[in-house]
Amino acid sequence: MAAKKSKLDVTQDEVTQQAFHKYQSLKQIVDLWQQERGSYWRNSLNLAEKPPYLPVRDLPAEAIIELWKRLNSSMKTEISDADLSEILAQFTADQNTIDLDPEMSTCFHMAVSGVAHLAAEMAHQKGVRAHKFRDGAVSSELQCPVCAEFSKLAVVTPPDGKRVMHCTICGFEWPVKRVGCLHCGSEDAKQQIYLQNEDFPGIEMVVCLLCGQYCKEINARELSVRDYVWEDLRTLPLNYAAELWSKEHAKKVH
Ligand SMILES: [Zn+2]
Ligand SMILES: [Zn+2]
């Protein structure tokens with residue numbers, strides 16, 4: 001059966017290019033830190049027996065702060081170690097960073113993500129297997145088995161179109177069912193609508209008419225993506241548009 005397709009209207013943000021340059025320069029700092037300091041910090045990481053293998057709240061604070069300071073100094077932001085520790089403790093308690101200005105917040109999230117990537121690499125190298133992911137504390141297909149954060153980013157992989165989720169925090173990928181809603185579990189293909197926009201080829205927003213939730217699906221057979229985090233950020237207008245579309249069309253408003 002042909003999938004239901006529909007067109008999605010979005011407005012492109014003019015500052016995307018600027019944001020990309022800023023993101024790239026920060027990403028280079030993260031990459032360099034991982035090369036220099038990754039093996040040192042990996043020695044202090046312990047993966048759990050079951051998912052989540054290393055949730056964000058259990059990542060070593062010293063590692064996050066070390067990377068965060070490098071990112072801050074590249075942005076010419078001065079902040080004391082005591083303040084950094086306090087902000088991190090606050091985040092660990094309730095995942096809240098609303099008091100930070102946008103640049104600080106970006107640096108903070110990239111630092112958390114940079115350290116979380118080390119855990120994901122370890123999990124990947126250990127070959128933690130897909131069928132184990134449904135055990136233990138992780139029950140949703142959308143929840144990362146390594147860092148326990150939720151992802152809305154799916155990738156359809158070559159050559160045969162298998163679907164994986166990509167975690168935008170730690171970069172781990174895990175297989176999920178190919179069709180149906182990853183939120184409510186509905187297997188009824190007629191209830192899944194694929195929204196597209198011509199400015200974003202190779203990307204579909206899959207909205208479930210039953211639960212009103214959506215996922216972004218990147219078709220890696222059509223679109224070659226080097227950095228999924230940037231790809232997700234760059235295409236955030238699609239998320240907003242899908243949310244609006246869903247509010248108008250879904251049977252149940254979330
Ligand atoms: Zn993750
Ligand atoms: Zn659903």
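Since we're looking at a predicted model, the values are computed, not measured. Both counts, for ligands and for their atoms, begin at 1 and track the order of listing.
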Leaving waters out, which protein N, O or S atoms fall under 2.8 Å from the Zn ion (ligand 1)?
-> Cys144 SG, Cys147 SG, Cys167 SG, Cys170 SG
If you draw a 6.0 Å radius around NE2 in His124, do more than 12 non-hydrogen atoms from other residues or ligands fall strictly inside?
-> no
Give a rough value, rounded to 10 degrees, for the angle at the Zn ion (ligand 2) between atoms SG of Cys211 and SG of Cys181.
-> 100°
Quick one: does Ser151's side chain get under 4.5 Å of Cys144's, heavy atoms only?
-> no
Residues in side-chain hydrogen bond (donor to acceptor under 3.5 Å, both in side chains) with Tyr228, at least two apart?
-> none
Set of residues satisfying salt bridge (Lys or Arg N to Asp or Glu O under 4.0 Å) with respect to Lys152, sequence neighbours excluded = none
Does any pair with a residue in residues 205-226 pass salt bridge (charged side-chain N to carboxylate O under 4.0 Å, His left out), and if so which ones, sequence neighbours excluded?
-> Arg163-Glu217, Lys216-Asp232
Give me the ring orientation class for Trp230 and Phe20: parallel if the planes are under 30° apart, tilted from 30 to 60°, perpendicular past 60°.
-> tilted
